[in-house]
Amino acid sequence: NAGVTQTPKFQVLKTGQSMTLQCAQDMNHEYMSWYRQDPGMGLRLIHYSVGAGITDQGEVPNGYNVSRSTTEDFPLRLLSAAPSQTSVYFCASGQGRNNSPLHFGNGTRLTVT
Amino acid sequence: QQPVQSPQAVILREGEDAVINCSSSKALYSVHWYRQKHGEAPIFLMILLKGGEQKGHDKISASFNEKKQQSSLYLTASQLSYSGTYFCGTDQSSSNTGKLIFGQGTTLQVKP
């Protein structure tokens, strides 16, 4: 049982490049989400999904796209990377109720130069 | 809307107590607490639901006052292992999706 798996662990991009951060969970969770973590800002919600085919915006969605074609996978796409997107990105999944905890992946550290 | 945590940072000696507060300007349906060690993923501590409940886990407990839209995390007789950053995650929607909005975090350092 791997839980929530994020790849890659580290990534360096040049401004303007695109990339996809991968997230997969094997707990059959309906709810999945992406957060970015910056010093002093806590965890800020980028996008989330309550099930396959359903996605919605969080607090800071600009510059990011998501899709949810399967229950297991929830990739995050950066369309044209900017230095402001330098951050640590966490994927989290849960059963989709307010009484169930979120399970976090180990994070992806992204640097945009 | 992001809840506000206070204090931003606290330094303790082993055995001392600490309280971390989480306050929201929006109605809350549940409050989650997580701890994150440096370079690691956040780890779940506990959930509090509407009803003003208190929960405990070893020497860590929490309360939730839904009328005041506040939650507090109590760390009693702190241990070195309690060091880390604590986040409250708030459910601000009645739709019960599991979506959480987190505070900015409180860094706790416990010294010998």
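A quick note: this is a predicted structure, and the numbers were derived from the prediction, not measured. The chains referred to below are lettered A, B, ... by the order of the sequence lines, with proteins before strands, and numbering in each begins at 1.
- The interface of residues 99-112 of chain B with chain A, defined by heavy-atom distances below 4.5 Å, comprises B:K99, B:L100, B:I101, B:F102, B:G103, B:Q104.
- Put simply, B:V31 and B:L75 are part of the same group of oily side chains (I, L, V, M, F, W, Y) that touch within less than 4.5 Å, one to the next.
- B:I43 and B:L80 sit in two unconnected hydrophobic clusters of ILVMFWY residues. Membership requires side-chain heavy atoms under 4.5 Å apart, directly or through other members.
- Both A:V112 and A:I46 sit in one connected hydrophobic cluster of ILVMFWY residues. Membership requires side-chain heavy atoms under 4.5 Å apart, directly or through other members.
- Atom NZ of B:K37 has more than 12 heavy atoms from other residues, nucleotides or ligands within 6.0 Å.
- Interface check for chain B: of the options A:N106, A:L43, A:V88, the most heavy-atom pairs under 4.5 Å are formed by A:L43.
- Tracing side-chain contacts under 4.5 Å through hydrophobic residues (I, L, V, M, F, W, Y), one never reaches A:Y35 starting from B:V4; they form parts of separate clusters.
- Residues B:Q36 and A:Q37 have side chains that bring a donor and an acceptor to within less than 3.5 angstrom of each other.
- Listed here is the closest heavy atom pair of B:I47 and A:P101: CD1-N, 3.6 Å.
- In this structure, B:Q2 and A:M41 approach most closely via the heavy-atom pair NE2-O, 2.9 Å.
- In this structure, A:F90 is not a member of the same hydrophobic cluster as A:V60, with clusters built from ILVMFWY side-chain heavy atoms closer than 4.5 Å.
- For the atom pair OG1 (B:T97) and CD1 (A:I54), the distance works out to 11.0 Å, reported to the nearest 0.5 Å.
- Here the CZ atom belonging to B:F44 is positioned 9.5 Å from the CG atom belonging to A:L102, to the nearest 0.5 angstrom.
- Heavy-atom minimum distance, A:F104 versus B:A41: CB-CB, 4.0 Å.
- In this structure, chain B has a heavy atom under 4.5 Å from the backbone of A:S100, while its side chain stays farther away.
- Using a 4.5 Å cut-off between heavy atoms, A:L45 contacts chain B through its side chain alone, with no backbone atom that close.
- With a 4.5 angstrom heavy-atom cutoff, B:Y29 touches chain A via backbone and side-chain atoms both.
- Using a 4.5 Å cut-off between heavy atoms, A:R44 contacts chain B through its side chain alone, with no backbone atom that close.
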